[in-house]
Amino acid sequence: MQDNESVWLARAQEGNAEAFSRLVETYQRPVYNLCYRMLNDAGDAEDAAQETFLRAYKSLKDYDRSRPFPTWLLSIAAHYCIDQARKRRMTIVSMDDLPYQELPDNNPGPESAMSRKEEQGRVRALLGTLTDTDRAAVIMYYWYEFSYEEIGEALSLSLSAVKSRLHRARLSMAHEWMDHQPQTGSAERTPHGEAQSPAF
Amino acid sequence: MAKLNHLPFEDWLISGETLSPDEAEQLHEHLQNCQACTLLSVALREVDRELYAAPVITPAPGFANRWMRRLEAERRQLHRRQTFLVMFLSIGGAMSLLALLSLAVFPVLRSPLPIFLAFLYELTSSFTVASVLSKALATVLKAIFEMIPATQWAAIWVAFAGLCALWIVAMHRLLLPRRIPV
């Protein structure tokens, strides 16, 4: 897989779009997930993910092969989503007031649909309390299990800034949880650092 | 003052970093007596649980194909933009030249006779110079023809023909359409 990726990367850097489309297939999930969690709308997330890959393809010649490709790609996605979220805020609309496009539910049955909707609502509410950059840092920390250094590299922040942002974000989300007291759920994913991220 | 009492414990809870046995013991004792920190601890645990349990959202099927179509559309748009730019620059250049020409032609239209006479003078002078030069060249060539024997002339013509053929082949190869990977 890693070898294939290197080959595709090398070919893509020579201008081969077909090779880059293999990388798109490989990384579409993490990039789309980051965009969706940042923008909270399936349509906007699709646009942002497509734009991310387009920007990555255009600036592939400048990509430093010593840097991990997923970190570089997610860095482009995060910066783009932060810009989009700022532009969106220029219209003076709160993220919570936005009529967001829901994702199609693949699980049949009204109970699972309801449960999924509630879960999405809770995650949305938690992330909604954060600033754009803090949200990007939280997403990278929880979904992609990036280290502080990787988050700093992806978001162009110092190590202390990452720690302080994550500290502030966790406190803010805890207060949000305390204010609304949702029912407790069971963990499906492993905590940070114990296993490889399922996002990749 | 009450806030100060929570400070190290709140930080330890939020940072989630591994504590020394002594620190862990202090935190444990504090949590037994402090409801605010206990609530915060539970809330942080629940937030962690919620976020770790949240699934990775997948895009609709055919994402890579849609990306390829978008790339094609982007390329077509870029090509169109470049074509418009070249057209705009060409038309702009032509218009500028026309404007300069109009400025140059304007005095001629007002008084054409002196300029016509000057033109005639330049023309006749050029003919005279060309005639003198051709005579001189003919003399030099005649002298060279007499100096070089016929066999050497044949060799020179054969070499010249070979160079011409080489030039034609090279130009043909250079002008062939190249295969550019897409």
Side-chain angles (χ1 to χ4, degrees), chain A residues 11 14-18 20-22 24-25 28-33 35-37 42 45-46 49-51 53-54 57-58 103-104 106 116 119-120 122-123 126-127 138-139 141-143 163 166-168 170-171 173-178 182 184-192 197-199, chain B residues 3 6-19 27 31 34-79 81-82 178-182:
Chain A
R11 285 186 188 162
E14 287 163 8
N16 188 326
E18 194 64 43
F20 192 78
S21 78
R22 301 288 186 95
V24 174
E25 272 172 30
Q28 55 178 305
R29 274 186 83 208
V31 169
Y32 181 84
N33 181 62
C35 296
Y36 182 80
R37 298 293 177 192
E46 166 88 14
Q50 294 269 346
E51 185 61 31
F53 283 112
L54 214 54
Y57 181 68
K58 282 179 191 169
L103 293 162
N106 299 325
R116 187 173 167 176
E119 182 190 88
Q120 277 179 20
R122 287 196 301 269
V123 173
L126 289 174
L127 295 177
V138 163
I139 293 165
Y141 183 81
Y142 282 98
W143 273 274
K163 282 183 180 177
L166 280 175
H167 189 280
R168 188 174 61 198
R170 276 167 60 77
L171 184 63
M173 290 191 293
H175 282 148
E176 167 66 21
W177 187 88
M178 283 192 273
T184 57
S186 61
E188 286 171 18
R189 299 227 312 270
T190 54
H192 196 267
S197 167
Chain B
K3 179 74 183 168
H6 299 299
L7 259 183
F9 307 111
E10 228 181 57
D11 284 347
W12 290 347
L13 286 170
I14 295 166
S15 73
E17 283 170 10
T18 314
L19 302 175
L27 180 63
L31 288 178
C34 178
Q35 203 192 349
C37 285
T38 308
L39 268 175
L40 180 67
S41 165
V42 171
L44 284 167
R45 207 166 45 236
E46 287 306 317
V47 166
D48 280 351
R49 190 173 293 179
E50 198 73 74
L51 294 183
Y52 280 124
V56 174
I57 310 284
T58 310
F63 181 87
N65 289 336
R66 288 196 295 283
W67 180 79
M68 282 295 276
R69 282 202 296 276
R70 190 164 169 162
L71 180 68
E72 279 305 314
E74 185 94 357
R75 278 176 172 169
R76 275 198 300 274
Q77 202 181 357
L78 183 73
H79 181 69
R81 222 178 292 150
Q82 282 173 341
R178 295 169 195 206
R179 284 191 177 181
I180 298 165
V182 179

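All chains are named by letter (A, B, ...) in the order of the sequence lines, taking the proteins before the strands, and each is independently numbered beginning at 1. Everything numeric here is computed off the predicted structure, so don't read it as measured data.
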Which atoms of [X] approach chain B - backbone, side chain, both or neither, heavy atom under 4.5 Å:
X      : result
A:V138 : side chain
A:L54  : both
A:A49  : both

| Nearest non-hydrogen partners of B:L71 and A:A17, listed with the distance | CD2-CB, 3.7 Å

| remark: Nearest heavy-atom contact between A:E25 and B:A64 is CG-CB, 3.5 Å

| task | Would you check if B:L51 and A:W143 make a side-chain contact, meaning some heavy-atom pair closer than 4.5 Å? | result | yes

| task | Kindly indicate whether the side chain of B:F63, heavy atoms from C-beta on, has any atom under 4.5 Å from the side chain of A:R29. | result | no

| request: For the pair A:F53 and B:W67, name the ring-plane relationship: parallel under 30°, tilted 30 to 60°, perpendicular over 60°. | output: perpendicular

| said: Need one label for B:R66: side chain, backbone, both or neither, based on atoms under 4.5 Å from any heavy atom in chain A. | reply: both

| query | Does any heavy atom of chain A fall under 4.5 Å from the side chain of B:D11, the backbone, both, or neither of them? | reply | both

| task | Report the C-alpha separation of B:D48 and A:R170 in whole Å, then their side-chain angles, then the decisive distance to 0.1 Å, and conclude whether the side chain to side chain contact (heavy atoms under 4.5 Å, CB included) test is met. | result | CA-CA 9 Å; B:D48 280 351; A:R170 276 167 60 77; 2.7 Å; yes

From [X] [atom1] over to [Y] [atom2], what is the distance, rounded to the nearest 0.5 angstrom?
X     : Y      : atom1 : atom2 : value
A:Q50 : B:R70  : CD    : CZ    : 5.5 Å
B:L39 : A:W177 : CG    : CH2   : 8.0 Å
B:M68 : A:E18  : CE    : CD    : 4.5 Å

| field | Choice from B:N65, B:L13, B:I14 maximising heavy atom contacts with chain A below 4.5 Å | value |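 The answer is B:I14.
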
| query | Can you tell which of B:A43, B:P59, B:S15 has the highest number of heavy-atom pairs within less than 4.5 Å of chain A? | reply | B:P59

| said: For A:M178, run the side-chain contact (heavy atoms from CB on, under 4.5 Å) check against B:L44, B:V42, B:V47, B:L40 and tell me which one passes. | reply: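 Option passing the side-chain contact (heavy atoms from CB on, under 4.5 Å) with A:M178: B:L40.
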
| Yes or no on side chain to side chain contact (heavy atoms under 4.5 Å, CB included) for B:E74 and A:K58, after CA distance, side-chain angles and deciding distance? | CA-CA 11 Å; B:E74 185 94 357; A:K58 282 179 191 169; 2.7 Å; yes

| Which one of A:R22, A:E46, A:R11 has the most heavy-atom pairs closer than 4.5 Å to chain B? |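 Sorted descending by pairs with chain B, the first entry is A:E46.
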
| A:R168 atom CZ, neighbour heavy-atom count above 12 within 6.0 Å | yes

